Asks: 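Can you keep this structure in mind? I'll have questions shortly.
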2 protein chains.
Amino acid sequence: MAQPIRLHQVSPLKASCHQCSLSNLCLPLAIEENELDRLEDIVQQGRIFNRGEHIFDQSTPFRSCFAVKSGAIKTSIISENGEEQVTGFFMPGELVGLDSMGSKHYACTARALERTSVCEFPVDKLEELTGKLPDLQHHMYHLMSQEIQGSHQLAMLLSKNTAEERIAALLLSLSSRFQRRRMSATNFSLPMARNDIANFLGLAVETVSRVFTRFQNQGIISARGREVELLDVEALQTVTREFSRQNS
Amino acid sequence: MAQPIRLHQVSPLKASCHQCSLSNLCLPLAIEENELDRLEDIVQQGRIFNRGEHIFDQSTPFRSCFAVKSGAIKTSIISENGEEQVTGFFMPGELVGLDSMGSKHYACTARALERTSVCEFPVDKLEELTGKLPDLQHHMYHLMSQEIQGSHQLAMLLSKNTAEERIAALLLSLSSRFQRRRMSATNFSLPMARNDIANFLGLAVETVSRVFTRFQNQGIISARGREVELLDVEALQTVTREFSRQNS
DNA sequence: GTACGGTTTTGACATGAATCAATAATGGAT
DNA sequence: ATCCATTATTGATTCATGTCAAAACCGTAC
């Protein structure tokens with residue numbers, strides 16, 4: 001049997017955070033060069049998912065967090081009745097699964113929006129490691145608190161802002177996340193469908209569509225399908241603050 | 001001078017989680033009896049705030065998390081323009097400040113809704129301790145992920161549910177939280193004003209008021225001011241699922 | 001190339017909740 | 001006990017966005 005050989009073939013799956021171009025966005029940014037090996041020891045790298053495939057499913061046993069290497073992921077929760085709520089979009093360098101930390105089961109479903117590769121962090125190992133590396137623990141707390149804050153911001157957006165404001169905010173958020181990866185901040189392709197945007201922002205698809213065309217007519221953006229160009233970032237920023245000014 | 005004596009008078013401020021009636025709801029539930037001393041060592045107990053007083057303020061340096069001993073706290077974020085979004089209500093046994101963990105500054109403002117006493121956990125000490133007690137670390141992760149999940153649920157409520165559904169959900173949430181403390185699940189007094197409810201649920205005060213009276217006319221609840229009695233819990237649960245049935 | 005399922009866009013209409021406005025109730029402070 | 005400020009209720013009207021319906025567009029498979 002070729003078992004031993006197969007086992008050897010697994011070894012290239014070991015991650016090399018050292019060489020990863022995302023190391024300054026991802027978990028490695030939290031720790032010293034000399035501790036990076038210990039993170040590499042627990043990471044499994046290289047899993048690839050096609051568009052639509054599930055990375056994990058709500059209510060199945062929680063095993064791992066995943067860092068996006070390339071592509072994009074959406075997470076959503078399904079309520080008893082089957083109603084879906086998209087809870088987030090995750091781009092390269094971002095960590096998926098934090099909402100399940102310390103739980104027995106995944107709190108949401110994660111699905112690839114396009115061909116996506118991820119690094120996997122088994123939680124048992126991760127918790128063990130954060131117990132030993134205070135900086136890493138601190139960073140985990142930071143990431144989780146960021147997610148809480150983001151979620152609160154979303155709640156605020158949903159409860160207080162108009163359709164235009166919500167969409168402007170999303171476009172700007174995506175823009176800055178592309179920029180972090182040294183990609184164009186004004187010219188990118190949306191990883192998600194209008195439907196996902198609508199669901200995430202608590203709007204009807206039709207409304208999203210209408211706002212896109214309205215923005216286009218105003219010369220603020222140019223969009224053909226998922227290809228978007230932000231023509232007037234200032235104007236978008238103004239839209240998100242529009243609300244503010246009227247109430248002050 | 002009586003300085004030394006005063007110093008001695010500080011010592012009773014040391015917490016005694018051992019005797020605290022909330023120990024099965026609060027952080028102590030995560031750890032063994034024999035480790036409880038270590039938690040007690042870092043806790044400062046006994047600070048009391050009157051209605052309306054700030055426990056901490058957004059953007060000031062993050063120093064501590066707080067466990068509610070008695071009373072109630074509301075947290076809110078203020079956006080650039082001064083618009084407020086209530087992000088949560090915290091009852092005895094619950095931990096406030098998790099959304100700031102790992103950050104330099106508080107992410108929100110916390111304010112006492114009534115006369116409230118809290119236990120204070122300085123974060124530097126807390127992080128140190130969670131590094132040493134894996135169970136406590138695990139529990140912190142759990143609490144933080146719970147807060148993320150709760151916030152996602154809120155987002156879902158805000159984006160997909162009607163005013164009646166949102167209010168029913170809030171009443172049921174409060175009910176179960178009173179019940180956990182072995183208080184009446186059907187007869188309690190709301191710690192917050194209609195205004196706070198409205199803000200939290202993304203509604204106008206008038207709408208909240210109207211829904212309360214509608215529920216009352218339907219015999220589902222009985223309310224006079226902040227005193228509420230849930231007359232028909234089943235009906236309330238039905239309201240929260242009403243939405244579901246129509247869409248399935 | 002063509003045909004098909006799934007998106008996306010556009011239009012017409014309905015509606016839940018916001019807003020505006022006024023009154024009533026409540027609870028501290030004196 | 002009384003007064004004032006705050007909070008809560010109720011009513012009339014408006015408006016943003018949802019819903020329904022249909023057409024246009026797109027990518028993919030045959």
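In the text below, chain A, chain B and the rest are named by the order of the sequence lines, each starting its count at 1. Please read all numbers here as calculations on a predicted model, not as lab measurements. Keep in mind that the numbers below use all heavy atoms, side chains included, and drop hydrogens, waters and symmetry copies.
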Asks: State whether a side-chain donor-acceptor pair under 3.5 Å links R177(B) with S173(B).
Replies: yes
Asks: Could you tell me whether the side chain of I55(A) reaches within less than 4.5 Å of the side chain of T116(A), counting heavy atoms only?
Replies: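 A side-chain contact under 4.5 Å is absent here.
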Asks: Using whole Å, report how far CD of Q216(B) lies from P of dA25(C).
Replies: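 Between P of dA25(C) and CD of Q216(B): 14 Å.
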Asks: Of the listed nucleotides (dT8(C), dA8(D), dG18(D)), which one gets closest to any side-chain atom of A204(A)?
Replies: dG18(D)
Asks: Take the protein atom CG of N199(A) and the nucleotide atom C1' of dT7(C), then report the distance between them rounded to whole Å.
Replies: 16 Å
Asks: Do M101(A) and C65(A) pass the side chain to side chain contact (heavy atoms under 4.5 Å, CB included) test, and can you show the C-alpha distance, the side-chain angles, and the key distance before you say yes or no?
Replies: CA-CA 8 Å; M101(A) 282 295 292; C65(A) 285; 3.8 Å; yes
Asks: Atom CZ of R214(A) to atom P of dG11(C): distance rounded to whole Å?
Replies: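 My rounded result for the distance is 12 Å.
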Asks: Kindly check if the number of other-residue, nucleotide or ligand heavy atoms within 6.0 Å of CZ (R226(A)) is above 12?
Replies: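 Yes, enclosed.
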Asks: Tell me the interatomic distance from R226(B), atom CZ, to dT9(D), atom C1', rounded to whole angstroms.
Replies: 16 Å
Asks: Kindly point out which of dT17(D), dT9(D), dA17(C) is positioned nearest to the side chain of T162(A)?
Replies: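 From the listed options, dT17(D) comes nearest.
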Asks: More 5' along DNA chain C: N195(A) or L203(B), using each one's nearest nucleotide?
Replies: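 Checking each residue's closest nucleotide, the 5'-ward one belongs to N195(A).
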Asks: Does E94(A) pair with R181(A) as a salt bridge, N-O distance under 4.0 Å?
Replies: no
Asks: Between T207(A) and I167(A), is there a side-chain heavy-atom distance shorter than 4.5 Å?
Replies: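 Not touching, per the 4.5 Å side-chain cut-off.
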Asks: Could you go over nucleotides 10-15 of chain D and give all protein N or O partners under 3.5 Å, atom names and distances?
Replies:
unit_1	atom_1	unit_2	atom_2	d
dG11(D)	N7	R210(B)	NH1	2.8
dG11(D)	O6	R210(B)	NH2	3.4

Asks: Between the side chains of E120(B) and R47(B), is the shortest nitrogen-to-carboxylate-oxygen separation below 4.0 Å, so that they form an ion pair?
Replies: yes
Asks: When you compare the protein's N or O atoms with those of nucleotides 22-29 of chain D, which come within less than 3.5 Å of each other, and at what distance?
Replies:
none

Asks: Using a cut-off of 6.0 Å, state whether more than 12 heavy atoms not belonging to R63(A) lie near its atom CZ.
Replies: no
